[in-house]
Amino acid sequence: MAQKAGRSMPPLDWLRSFEAAARLSNFTAAAVELGLTQAAVSQHIRFLEERLKIRLFSRLARGVALSPEGAAYLPHIQSAFATIGNSTTELFEPRAIQTVTIRAPISFVLLVLVPALPDLARTLPRIQLDVVTIHRPTDYDQSGSVLDIRFGNGAFPGREADRLTVERLVPVASPALAGNADWTSLPLLLVAGAREMWAEWFIAAGTPGHPMRSHRFDSFVAAMEAAKAGAGVLLGSRPMIDAALANKHLVTLSDFELSSSFGHFLTRASAAPLTRPEQDVRQWLLSRLTKMAST
């Protein structure tokens with residue numbers, strides 16, 4: 001079978017000359033492109049026509065024109081050469097590393113994005129992230145990235161948003177602190193901004209709140225480190241605290257979780273099309289966070 005296929009296939013040099021001459025409608029131009037003489041191209045074409053027992057070109061005063069049979073043959077040859085070229089590039093030519101810039105709150109970066117980077121390296125080995133951490137809402141006003149991860153309720157004027165997380169709030173503390181006292185009498189750790197929801201949690205849980213307050217932080221990750229150190233009780237945001245719970249660095253103090261309308265969203269300007277690498281990162285993030293939410 002292989003020998004029969006080999007006999008039926010004309011030499012590649014003949015086919016290259018045919019493709020170039022057909023595309024350029026000129027034997028001389030084909031010879032220049034291929035680095036051959038005009039006589040060599042003409043000979044290749046003649047050998048090919050004799051092999052196929054069909055005339056592929058009509059010779060004109062200036063140049064050549066494909067015969068109907070040649071016109072029917074050409075797209076098959078071009079498709080075969082394209083397949084060979086694409087396969088060679090895919091298998092043997094190194095592809096450039098693509099950099100995608102993404103801005104995100106420092107807590108999301110440390111608690112969610114950084115632990116997921118090994119999976120990104122396996123899934124998208126040709127993409128590297130340029131991560132810019134956000135500390136204040138005005139940091140988003142800086143130019144330099146198309147993709148932003150924002151915390152909120154999903155309403156971001158002028159931006160399209162894909163939800164990444166659905167926040168669920170539950171009191172947590174270090175195991176040592178939780179085991180030594182009734183947690184409702186312990187200091188409460190505060191987080192500035194949208195996560196300051198202790199009052200809402202107490203009302204929804206039907207648990208009397210208390211006025212004892214302790215340290216206040218401008219990032220959730222800093223408040224979480226304080227809770228792990230035993231400084232007080234944190235209103236933990238799941239899934240942000242899930243790794244700390246799994247590692248027993250924190251324990252939950254109540255079975256009640258308050259579902260919030262807030263969460264993290266992957267956003268982009270409505271008028272800004274994504275590049276292919278940015279699309280790949282978007283799909284990876286959505287898939288990764290979907291898996292996290294289901295575990």
Side-chain angles (χ1 to χ4, degrees), residues 104-116 133-135 137 149-155 161-266 285-286 288-295:
I106 182 67
S107 298
F108 186 91
V109 170
L110 294 178
L111 298 176
V112 178
L113 188 57
V114 167
T133 55
I134 298 300
H135 300 275
I149 294 175
R150 305 192 181 204
F151 182 78
N153 61 5
D162 297 304
R163 182 181 281 274
L164 298 176
T165 66
V166 177
E167 184 171 62
R168 308 189 315 276
L169 302 171
V170 61
V172 295
S174 68
L177 188 64
N180 292 333
D182 174 11
W183 78 267
T184 58
S185 64
L186 294 173
L188 304 181
L189 300 175
L190 309 180
V191 181
R195 283 202 179 85
E196 184 48 77
M197 295 185 63
W198 269 118
E200 291 87 342
W201 188 90
F202 279 118
I203 293 172
T207 301
H210 64 84
M212 188 174 182
R213 299 290 189 265
S214 183
H215 308 292
R216 185 173 183 267
F217 301 87
D218 67 353
S219 73
F220 179 81
V221 69
M224 193 177 85
E225 288 301 310
K228 288 160 64 175
V233 179
L234 173 69
L235 190 57
S237 173
R238 304 193 67 180
M240 304 277 280
I241 60 170
D242 285 356
L245 293 176
N247 295 330
K248 308 299 183 184
H249 295 152
L250 293 172
V251 295
T252 58
L253 305 177
S254 171
D255 293 331
F256 177 73
E257 292 184 353
L258 174 61
S259 293
S260 168
S261 62
F262 286 83
H264 292 92
F265 292 80
L266 180 64
L285 270 171
L286 292 174
R288 175 78 183 184
L289 272 295
T290 298
K291 292 177 182 177
M292 283 183 58
S294 63
T295 57

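In this text the structure is predicted, and so the values were computed from the model without any measurement.
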Q: Mind checking side chain to side chain contact (heavy atoms under 4.5 Å, CB included) for Glu225 and listing every partner two or more places apart, or none if nothing turns up?
A: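 Counting only residues at least two positions away or on another chain, Glu225 forms a side chain to side chain contact (heavy atoms under 4.5 Å, CB included) with Lys228.
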Q: At what distance, to the nearest 0.5 angstrom, does CZ of Arg216 lie from CG of Leu188?
A: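 Between atom CZ of Arg216 and atom CG of Leu188 there are 14.0 Å.
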Q: Counting only heavy atoms not in Arg163, do more than 12 fall under 6.0 Å of its CZ?
A: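 Atom CZ in Arg163 is crowded, with more than 12 foreign heavy atoms closer than 6.0 Å.
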Q: To check you understand the geometry: which heavy-atom pair defines the closest contact between Trp201 and Ser254, and what is its length?
A: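 Closest heavy-atom pair between Trp201 and Ser254: CZ2-OG, 3.6 Å.
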Q: Is the shortest heavy-atom distance from the side chain of Phe220 to the side chain of Leu234 under 4.5 Å?
A: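 The answer is yes, as the side chains (C-beta and beyond) meet within the 4.5 Å cut-off.
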Q: Kindly compute the distance separating CG (Asp218) from CG (Leu190), expressed to the nearest 0.5 Å.
A: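 One gets 12.5 Å once the value is rounded to the nearest 0.5 Å.
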Q: Let me confirm one number: the CG-CD distance from Leu235 to Glu200, rounded to the nearest 0.5 Å.
A: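 Nearest 0.5 Å value for the CG-CD distance: 9.0 Å.
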Q: With sequence neighbours left out, what residues match Thr165 under side chain to side chain donor-acceptor pair (under 3.5 Å)?
A: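 Listed in chain order: His264.
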Q: Do the side chain of Ser107 and the main chain of Val221 share a donor and acceptor less than 3.5 angstrom apart?
A: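 Side chain of Ser107 to backbone of Val221: a pair is present.
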Q: Measuring only between side-chain heavy atoms, which start at C-beta, is Asp162 closer than 4.5 Å to Phe265?
A: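 Answer no - side chains too far apart.
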Q: Within a strict 4.5 Å, meaning less than it, do heavy atoms of the Leu169 and Met197 side chains meet?
A: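 They are in side-chain contact.
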Q: Nearest heavy-atom pair of Ser260 and Val166: which atoms, and what distance?
A: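 Distance-wise, the nearest heavy atoms are O-CG1, 4.1 Å.
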Q: Using a 4.5 Å cut-off on heavy atoms from C-beta on, say whether the side chain of Leu258 contacts that of Val170.
A: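 When only atoms from C-beta onward are counted, Leu258 and Val170 do not touch, as no gap falls below 4.5 Å.
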Q: Determine yes or no for a side-chain-to-main-chain donor-acceptor pair under 3.5 angstrom, with Ser237 supplying the side chain and Met240 the backbone.
A: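 Looks like no, no N/O pair under 3.5 Å.
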Q: Keeping the roles fixed (side chain from Trp183, backbone from Leu253), state whether a donor-acceptor pair exists under 3.5 Å.
A: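 Checked: pair present.
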Q: What verdict does the side-chain contact (heavy atoms from CB on, under 4.5 Å) test give for Ile149 and Val112, after you've listed the backbone C-alpha separation in whole Å, the side-chain angles of each residue and the deciding distance to 0.1 Å?
A: CA-CA 12 Å; Ile149 294 175; Val112 178; over 6 Å; no
Q: Report, as yes or no, whether the 6.0 Å neighbourhood of atom CG on Asp255 holds more than 12 heavy atoms from other residues, nucleotides or ligands.
A: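 No - once you tally the heavy atoms of other residues, nucleotides and ligands closer than 6.0 Å, there are 12 at most.
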Q: Less than 6.0 angstrom separating the ring centers of Phe108 and Phe151, yes or no?
A: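 No: the rings miss the under 6.0 Å criterion.
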Q: Taking side chain to side chain contact (heavy atoms under 4.5 Å, CB included) as the test, write out the residues that go with Ser214, two or more places apart.
A: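 Pro187, Leu189.
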Q: Just jot down the ring pair (Phe, Tyr, Trp, His ring centres under 6.0 Å) partners of Phe217, sequence neighbours excluded, or say none.
A: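 Listed in chain order: nothing, the list is empty.
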Q: Only counting residues at least two apart or in another chain, list the ones meeting side chain to side chain contact (heavy atoms under 4.5 Å, CB included) with Leu245.
A: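 Residues passing side chain to side chain contact (heavy atoms under 4.5 Å, CB included) with Leu245: Val172, Arg238, Ile241, Asp242, Leu250, Thr252.
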Q: My understanding is that only residues two or more places apart in sequence, or in another chain, count here; which of them pass side chain to side chain contact (heavy atoms under 4.5 Å, CB included) with Pro115?
A: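 Expected list: none.
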Q: Considering non-hydrogen atoms only, spot the tightest contact between His215 and Ala231 and give its length.
A: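 Heavy-atom minimum between the residues: CD2-CB, 4.2 Å.
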Q: Looking at Asn153 and Ala155, would you say the former's side chain and the latter's main chain have a donor-acceptor pair under 3.5 Å?
A: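 The answer is yes, because a donor-acceptor pair under 3.5 Å joins these two groups.
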Q: With the side chain counted from C-beta on, respond yes when Ser219 and Val191 share a heavy-atom pair under 4.5 Å apart, and no when they do not.
A: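 SC-SC contact between Ser219 and Val191 ruled out.
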